[in-house]
J.: 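Here you go, one structure.
Throughout, residue positions are numbered sequentially from 1 according to the sequence presented.
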Amino acid sequence: MTQETRRRRADAQRNVEALVEAARAVFDTSGVDAPAKEITDLAGVGVGTLYRHFPQRSDLVKAVVRTGIDAVADAGPELSAAHPPARALSLWIDRFVDLLETKRGLASALHSGDPAFEGLPGYFMERLGPTLTALLDAAAADGAIRGGVLGAEDLLYAIALLCRPVPGREQGHGRQLVGVLVDGLRYGAG
């Protein structure tokens, strides 16, 4: 492989990363139906570059969701290393709630029936399940929460359901509900 080829590949990878980061920011503020130009302007690339890497809108949405899931999953071990088990679990749940609450329109896009999103629920569980299991086990072993009340899969789905938008309620309502759920895990522990 020539140096020119490596440089082109590195440039292409930087463009992909810039597009995903820009899309994440735009989706957070304008929703998943925001104009492509808004995303490319923020990424500092042309519209052709967007469509070369992400031919369909669903490809970009999927990339944003996957990077968000990866970031939350990867945070688990870091939080465990830096905090006591109960605090690590709480901080991780906060990050998971952030992922769920800030992605305007992503839930409806993901549940639209578009075959492009078929693999995401499995990816979601594959990446987040083991991380949450480790955090729950550590917190239970430390006596901070009751063990065996909810498995990781049930807790992930419960949190996701609690974070769904409720008509007439402000964003952040789900975070309050999740707080009550987490308090329930603590009740009677230790």
J.: What is the minimum heavy-atom distance between Ala152 and Gly129, and which atoms define it?
T.: CB-O, 3.5 Å

J.: Compare every heavy atom of Thr40 with every heavy atom of Leu50, then report the nearest pair and how far apart it is.
T.: CB-CG2, 3.7 Å

J.: Give me the atom names and distance for the closest heavy-atom approach of Leu136 to Gly151.
T.: CD1-C, 4.3 Å

J.: Is the side chain of Thr67 donor-acceptor paired with the backbone N or O of Ala63 at a distance under 3.5 Å, no angle test?
T.: yes

J.: Identify all side-chain donor-acceptor contacts of residues 71-96 below 3.5 Å with residues at least two apart in sequence or on another chain.
T.:
residue	atom	partner	partner atom	Å
Asp74	OD1	Arg127	NH2	2.7
Ser80	OG	Gly76	O	3.2
Trp92	NE1	Val72	O	2.7

J.: Are any side-chain N or O atoms of Ser30 and backbone N or O atoms of Phe27, one a donor and one an acceptor, separated by less than 3.5 Å?
T.: no

J.: Could you tell me the separation between the OG1 atom of Thr29 and the CD atom of Glu38, rounded to the nearest 0.5 Å?
T.: 6.0 Å

J.: Could you walk me through whether Leu19 and Thr49 pass the side chain to side chain contact (heavy atoms under 4.5 Å, CB included) check?
T.: CA-CA 9 Å; Leu19 284 164; Thr49 300; 4.2 Å; yes

J.: May I ask you to test the Val61-Phe54 pair for a side-chain heavy-atom distance under 4.5 Å?
T.: no

J.: Measuring from atom CG of Leu177 to atom CZ of Arg169, what distance do you get when rounded to the nearest 0.5 angstrom?
T.: 8.0 Å

J.: Counting only heavy atoms not in Asp154, do more than 12 fall under 6.0 Å of its CG?
T.: yes

J.: Within the 4.5 Å heavy-atom criterion, are Val65 and Phe124 side-chain neighbours or not?
T.: no

J.: Any carboxylate oxygen within less than 4.0 angstrom of a Lys/Arg side-chain nitrogen, looking at Asp98 and Arg175?
T.: yes

J.: Any donor-acceptor pair under 3.5 Å linking the side chain of Arg57 with the backbone of Val32?
T.: yes

J.: Please report the closest heavy-atom contact between Ala189 and Gly143, naming both atoms and the distance.
T.: CB-O, 3.5 Å

J.: Grouping I, L, V, M, F, W and Y whenever their side-chain heavy atoms are under 4.5 Å apart, do Ile145 and Leu181 come out in a common cluster?
T.: yes

J.: Mind checking whether Val182 and Arg186 have side chains closer than 4.5 Å, heavy atoms only?
T.: yes

J.: Report, as yes or no, whether the 6.0 Å neighbourhood of atom CD on Gln56 holds more than 12 heavy atoms from other residues, nucleotides or ligands.
T.: no

J.: Would you kindly say whether Asp59 and Tyr51 are connected by a side-chain donor-acceptor distance under 3.5 Å?
T.: no

J.: Could you tell me whether Glu21 and Arg24 make a salt bridge, using a distance below 4.0 angstrom between a side-chain N and a carboxylate O?
T.: yes

J.: Please give me the minimum heavy-atom distance between Ala160 and Leu100, naming the atom from each residue.
T.: CA-CD1, 3.6 Å

J.: Measure from NZ or CZ of Arg66 to the centre of the six-membered ring of Tyr123 and say whether it is under 6.0 Å with the direction within 45° of the ring axis.
T.: yes

J.: Could you note down all residue pairs passing ring-ring contact (aromatic ring centres under 6.0 Å, His included) where residues 126-163 supplies at least one of them, sequence neighbours left out?
T.: none

